[in-house]
Amino acid sequence: MTGEPWRDLFGSTTPLVGAPMAGGATTVALVRAVTAAGGFGFLAAGYRTAEAVAADLADLRATGIPCGVNLFVPGPREIDEAAFRAYAHRIAAEGEPYGLDLAAAAPVHDDDHWADKIDLLLADPVPVVSFTFGLPDPAAVAALRRAGTRVLVTVTSADEARAAAALGVDGLVAQGTEAGGHSGTHTPRRPAPPVSTGPLVRAAAAATGLPVLATGGVAGSDDVRDLLAAGAAAVAVGTLLLRTDESGASRTHRDALADPARAGTVLTRAFTGRPARGLRNAFIDRYEPHAPLGYPELHHLTRGMRAAAAAAGHPERVHLWAGTGYRQATTGPAAAVVEHLAATL
């Protein structure tokens, strides 16, 4: 043990981690920039094939950059045909400007190439793998650890932390309610009461004794210091990196983050059928009261519309994922963000 928990867990020189942001925001260049600044970067494997993840790993290894990989744990079917069809008809007009017939869409329930990605990470191990949306199967955890990989599980409550610890994982990712993007709750139909990141870090650490990576609501150095003081081994930043040069976020998303007229963030399931925090917009206002739970079916239903709207510069139909600290997201090199945070610790 080095006495620096972030070094023991990630091998980094600072307690800062680049959060994995699925859907394109996290890029190889962003992982490189975070690492160059002394942090530790994660690739977001969600929504990607094993072949695409393998290509990114090869790209990073070619320049000697270590990284973690985040996987989405597949869940059970949450929505029936009738509820899916009713919602598809309700939002159908939103696809018309892009030539999309949302009302005719078929429900798609998939496992996001789960087995292929596990096989990849066993054949070509990385230092750390984190899991989001639930508990991975014990066999996968054991196999990854035998391969020399440290395993983390995202939790949103002390009960989830205890369940993850029972799998023999190496650490936890404590995701507070302030975090942008999807909630990592293991039970979206019965989520635990929302908990801020600091209290969640303390609860998870006390319940398990495991190292905890804190994520959610980080708007600057004060937040990082507070979370480390709460017992976090390291702190992940995501939203603060969305407007940087290396981010893969769309121009529409970047501009919305800087728009002073935006009225803050809300939790919504209107876009994907799973609770997620993003900037409030017209789509959420219109459809959140009617949106059923149903991930990934609703994600697939709205995916084409969201991509087309982002390309067209129409932010009112885009999932503008953002944490509560989004107003502090700045342009420029990602390394500058990490270096600034590190310099004030």
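Start at 1 with the first residue, then count along the sequence. Remember, predicted model here, so these are calculated numbers, not experimental data.
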Fill in the blank from the handout: Rounded to the nearest 0.5 Å, the CZ atom of R150 sits from the OG atom of S130 at a distance of 12.5 Å
Exercise for the section: Could you tell me which non-hydrogen atom of L320 sits nearest to which non-hydrogen atom of H253, and how far apart they are? Expected result: C-NE2, 3.6 Å
Problem - Min side-chain heavy-atom separation P5-P211 under 4.5 Å - result: no
Fill in the blank from the handout: Residues passing the salt bridge (charged side-chain N to carboxylate O under 4.0 Å, His left out) test with E51, sequence neighbours excluded, are none
Handout entry: Evaluation steps, side chain to side chain contact (heavy atoms under 4.5 Å, CB included), between Q175 and T185
Key = CA-CA 9 Å; Q175 184 197 45; T185 177; over 6 Å; no
Exercise for the section: Would you check if the side chain of S196 reaches a backbone N or O of P199 as a donor-acceptor pair within less than 3.5 Å? Expected result: no
Handout entry: Within one Ile-Leu-Val-Met-Phe-Trp-Tyr cluster: Y326 and L242, side-chain cutoff 4.5 Å
Key = yes
Exercise for the section: Could you walk me through whether V337 and V237 pass side chain to side chain contact (heavy atoms under 4.5 Å, CB included), step by step? Expected result: CA-CA 10 Å; V337 174; V237 292; 5.5 Å; no
Exercise for the section: Could you state whether V73 and L167 fall into the same hydrophobic cluster, counting links through intermediate Ile, Leu, Val, Met, Phe, Trp or Tyr residues with side-chain heavy atoms under 4.5 angstrom apart? Expected result: yes
Handout entry: Note, L279 side chain near D259 side chain (heavy atom, < 4.5 Å)
Key = no
Fill in the blank from the handout: Across all chains, not counting sequence neighbours, the side-chain contact (heavy atoms from CB on, under 4.5 Å) partners of T197 are E178, V201, A214, L227
Practice task
State, to 0.1 Å, how close E160 and H186 come at their nearest heavy-atom pair, and which atoms those are.
Solution key: OE2-N, 2.8 Å
Handout entry: Test side chain to side chain contact (heavy atoms under 4.5 Å, CB included) applied to F131 and L144, step by step
Key = CA-CA 12 Å; F131 293 96; L144 287 166; 3.6 Å; yes
Exercise for the section: Would you confirm whether T26, through its side chain, and M21, through its main-chain N or O, come within 3.5 Å as a donor-acceptor pair? Expected result: yes
Handout entry: With S12 via side-chain contact (heavy atoms from CB on, under 4.5 Å) - residues at least two apart
Key = W6, F10, F40
Handout entry: Minimum heavy-atom distance between A322 and T265, given as atom pair plus value
Key = O-CG2, 3.7 Å
Fill in the blank from the handout: R286 and H290 have their tightest heavy-atom pair at O-CD2, 3.5 Å
Fill in the blank from the handout: Tracing side-chain contacts under 4.5 Å among Ile, Leu, Val, Met, Phe, Trp and Tyr outward from L267 reaches none
Problem - T344 OG1 to R225 CZ distance, which is reported to the nearest 0.5 Å - result: 5.0 Å
Practice task
Hey, could you give me the CG/CG distance between D124 and D119, rounded to the nearest 0.5 Å?
Solution key: 12.5 Å
Handout entry: Value rounded to 0.5 Å, distance of CG in D110 from NE2 in H299
Key = 7.5 Å
Exercise for the section: Evaluate the side-chain proximity of V34 to E246: yes if any heavy-atom separation is below 4.5 Å, no if none is. Expected result: no
Handout entry: K117 side chain to L71 backbone, donor-acceptor under 3.5 Å
Key = no
Handout entry: For L102, the rest of its hydrophobic cluster, which grows through side-chain links under 4.5 angstrom
Key = I79, F84, Y87, I91, Y98, L100, V266, F271, F283, I284, Y287, L298, L301, M305, W321
Completion exercise
Sequence neighbours excluded, the answer for salt bridge (charged side-chain N to carboxylate O under 4.0 Å, His left out) partners of D226 is none
Handout entry: Sequence-distant partners of L60, side-chain contact (heavy atoms from CB on, under 4.5 Å), two or more places apart
Key = V28, V31, R32, L43, I65, C67
Handout entry: Heavy-atom donor-acceptor pair, E288 side chain to A270 backbone, under 3.5 Å
Key = yes
Practice task
List the steps, then state whether side chain to side chain donor-acceptor pair (under 3.5 Å) holds for H319 with R303.
Solution key: CA-CA 9 Å; H319 58 303; R303 188 175 191 175; over 6 Å; no
Handout entry: T239 side-chain N/O to G323 backbone N/O, donor-acceptor pair under 3.5 Å
Key = yes
Handout entry: Within-4.5 Å side-chain heavy-atom neighbours: L341 and L240
Key = yes
Problem - Sub-4.5 Å side-chain heavy-atom contact between L135 and V153 - result: yes
Exercise for the section: Kindly give the heavy-atom pair with the smallest separation between P296 and H109, and that separation in Å. Expected result: CD-ND1, 3.5 Å
Practice task
Go through T132 and N70 one step at a time and tell me if the side chain to side chain donor-acceptor pair (under 3.5 Å) criterion holds.
Solution key: CA-CA 7 Å; T132 302; N70 175 255; 3.0 Å; yes
Handout entry: Lys/Arg N to Asp/Glu carboxylate O, E316 vs R262, below 4.0 Å
Key = yes
Problem - Flag, side chain of R254 to backbone of R243, donor-acceptor distance under 3.5 Å - result: yes
Exercise for the section: Starting from the C-alpha separation in whole Å, work towards a yes-or-no answer on side chain to side chain contact (heavy atoms under 4.5 Å, CB included) for R61 and V126. Expected result: CA-CA 10 Å; R61 287 202 176 103; V126 296; 3.6 Å; yes
Handout entry: Check: T14 side chain, G38 main-chain N or O, donor-acceptor pair, under 3.5 Å
Key = yes
Practice task
Tell me whether V338 is reachable from L30 by hopping between hydrophobic residues (I, L, V, M, F, W, Y) whose side-chain heavy atoms are closer than 4.5 Å.
Solution key: yes
Practice task
Give every residue pair that meets the salt bridge (Lys or Arg N to Asp or Glu O under 4.0 Å) criterion with at least one member in residues 265-277, sequence neighbours excluded.
Solution key: none
Problem - Point-to-point distance, once rounded to the nearest 0.5 Å, from OH of Y47 to NE2 of H300 - result: 8.0 Å
Completion exercise
salt bridge (charged side-chain N to carboxylate O under 4.0 Å, His left out) filter on R146, not counting sequence neighbours, yields none
Exercise for the section: Determine, using the 4.5 Å side-chain heavy-atom cutoff (strictly less than), whether L213 and L228 are members of one ILVMFWY cluster. Expected result: no
Handout entry: Note, D255 side chain near P315 side chain (heavy atom, < 4.5 Å)
Key = no
Practice task
State yes or no: do L9 and F42 share one hydrophobic cluster built from I, L, V, M, F, W and Y residues joined by side-chain heavy-atom distances below 4.5 Å, directly or via other members?
Solution key: yes
Exercise for the section: Measure the spacing between CG of L172 and OG1 of T208 and express it to the nearest 0.5 Å. Expected result: 4.5 Å
Completion exercise
Between A45 and D112 the two heavy atoms that sit nearest each other are O-OD2, 4.1 Å
Handout entry: Pairs touching residues 198-207 that satisfy salt bridge (Lys or Arg N to Asp or Glu O under 4.0 Å), sequence neighbours left out
Key = none
Handout entry: Residues that R77 engages under salt bridge (charged side-chain N to carboxylate O under 4.0 Å, His left out), provided they are two or more places apart
Key = E297
Problem - Check: R280 side chain, D285 main-chain N or O, donor-acceptor pair, under 3.5 Å - result: no
Exercise for the section: Indicate yes or no: at least one non-hydrogen side-chain atom of T252 is less than 4.5 angstrom from one of H314. Expected result: no
Problem - Transitive ILVMFWY cluster of V195, excluding itself - 4.5 Å side-chain cut-off - result: L200
Problem - S247 side-chain N/O to T244 backbone N/O, donor-acceptor pair under 3.5 Å - result: no
Handout entry: pair P107-R85: side-chain heavy atoms closer than 4.5 Å
Key = yes
